[in-house]
Amino acid sequence: MSKLLLIDDDEDVRYSFERIFDSPEIELTTASSGEEGLKAIPKFKPDLVLLDIRMEGMTGLEALRRIRQIDTKLLVIIMTAYGTTQNTIDAMKWGAYDYLLKPFDVPKLKELVAKALEAAREIREGTRYNFSPDNRPILQPEDLESKIVGRSEAMRHVFKLIGQFAGTDTTVLITGESGTGKELVASEIHEHSERRDKLFLAVNCAAIPEQLLESELFGHERGSFTGAVNQRIGKFEQCKGGVIFLDEIGDMTPATQTKILRVLQSRTFERVGGNTPIAADVRVIAATNKPLEQAVAAGHFREDLFYRLNGVRIHMPPLRDRQTDLPLLIKYLLNKIAREQQHEPRAIASNAVKALEKYHWPGNVRELESVLRHVMVVSKGDVILLKDLPPEITGKSLSASPVLSASAVTGEEGVSDIVALARQLFQWARRDPKLKIIPAIERELVIQALKEADGNQVHAAKLLGITRATLRKRVEKFDIKQELSIK
């Protein structure tokens, strides 16, 4: 039996609720003031409170604040005949489950109460979910101190390799899909190495334009090129004695690859425009989400550099291959986000966890963290419910029609619309394995960018947010030269 507590100073409203919720499945008790309602809560232990916002004595908002102090997991629906903007904002800010206007539409009232009671059951399950079947906490205290968590066989293998390689000074190549945590592995190697008291510098080789990457890594002399008004110290020099992490090394141009190879072979480098060798007392850790073997075979990556990097390799498994780690990762990330936002970590309902476990996670742990940050904002109360999850997780369709119009990715919400569109496309691809959506869309984006830039690759690359070298590879891959006049 579900327990409802109605707090309202209007006798007619209390009588109406007694008639509306006269059911063997619901036990209703009423209170005529906020003070009376607060006294009833510890005795009656309701599953849901319906609270009027305007009452004599204690106001509904004050009662809501007091209820949240008594029990943060108790759901409260605010009711009022005065639906002002400020009341709505204040009620939701203080954690109301929902906001109901008088006079009531009885079917909608019953529907909202049913949803709230279901949410209350999920909250109770969420509290139990914090513990494993043998009543031990899912997340151990030592997990909170780690940067990477996981107890699957694949992750135990990663931890073993980190332990084996951390004490050496050899170059390490970390492979794996985007979002699997390659930089975290590099950071863990640094923290367990003899260089842990020195700098750890990460450089995303794909995010820096090719004409600037060499200067970013090795520095430059004054006057070495237009705009070089001062001498610049590069990352290799800044990181003396420490560890430099070269992320997405597969996107480096051949010229920069050659210089990296020289650093690894001779342990020296020169600034751009300089001719004085500088010692490179730096440990190099590289990472890529691309199959470098294929890049070598295609002539896009130097074979000798690949062999230099590939001597010691750690592969980060995608999240779909370590599903047993999901409960641990969910709790870890919820605790991490709570620490950052300086509030208590939230529990999560078991059916919400099951939905997260069924999802494919193409964006891996990074996508999981993004989803949890989203639900921390939209969820009400201290427990994340199934309804708080995005539709692509729960399986609810974003649109009944697969026909996409140009207006779907325009307007003030353009970026979020594009993200939603991408998620929808992914759901279609899951239903039909024959669909090859990414190559088709990627090719079309490159063509449209080149058309917009009148064939100028530099301008087109800026529009796409990639380097010119990456754009050039896409042009060759998709054989676009035949269709456009490219400069």
For the [atom1] atom on [X], are there more than 12 heavy atoms of other groups (residues, nucleotides or ligands in this structure) within a distance under 6.0 Å?
| X | atom1 | value |
| --- | --- | --- |
| His157 | NE2 | no |
| Lys462 | NZ | no |
| Glu194 | CD | no |
| Arg222 | CZ | no |

Would you say the side-chain atoms of Thr180 and Asn364 include a donor-acceptor pair closer than 3.5 Å?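 Result is no, nothing qualifies.
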No-hydrogen, no-angle side-chain donor-acceptor test under 3.5 Å, Arg308 and Thr171: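 There is no such pair (donor and acceptor under 3.5 Å, judged by atom type) between the side chains of Arg308 and Thr171.
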Using a strict 4.0 Å threshold on nitrogen-to-oxygen distance, state whether [X] and [Y] make a salt bridge.
| X | Y | result |
| --- | --- | --- |
| Arg121 | Glu118 | yes |
| Glu153 | Arg322 | no |
| Glu183 | Arg366 | no |
| Glu111 | Lys115 | yes |

So how far is it from Arg196 CZ to Leu199 CG, rounded to the nearest 0.5 Å?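 Answer rounded to 0.5 Å: 15.5 Å.
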Spacing of Asp325 atom CG and Met155 atom CE [to the nearest 0.5 Å]: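 It is 6.5 Å, given to the nearest 0.5 Å.
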Might you point out which heavy atoms bring [X] and [Y] nearest each other, and give the distance in Å?
| X | Y | value |
| --- | --- | --- |
| Ala280 | Val263 | CB-CG1, 4.0 Å |
| His315 | Val158 | O-CG2, 3.6 Å |
| Arg302 | Pro254 | CD-O, 4.4 Å |
| Gly250 | Lys473 | O-NZ, 3.4 Å |
| Ala119 | Leu75 | CB-CD1, 3.7 Å |

Taking the side chain as every heavy atom from C-beta outward, state whether [X] and [Y] have any pair of such atoms under 4.5 Å apart.
| X | Y | value |
| --- | --- | --- |
| Ile285 | Ile189 | yes |
| Asp281 | Arg195 | yes |
| Glu357 | Pro327 | yes |
| Leu213 | Val203 | yes |
| Leu184 | Met316 | no |
| Gln231 | Arg271 | yes |

Test applied, side chain to side chain contact (heavy atoms under 4.5 Å, CB included); reference residue, Leu329; option that passes from Leu356, Leu368, Ile148: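 One option only clears the test, and that one is Leu368.
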Going by the ring-ring contact (aromatic ring centres under 6.0 Å, His included) test, which pairs reach into residues 158-210, not counting sequence neighbours?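 For residues 158-210, and leaving out neighbouring residues, the ring-ring contact (aromatic ring centres under 6.0 Å, His included) pairs sorted by first residue read His190-Phe200.
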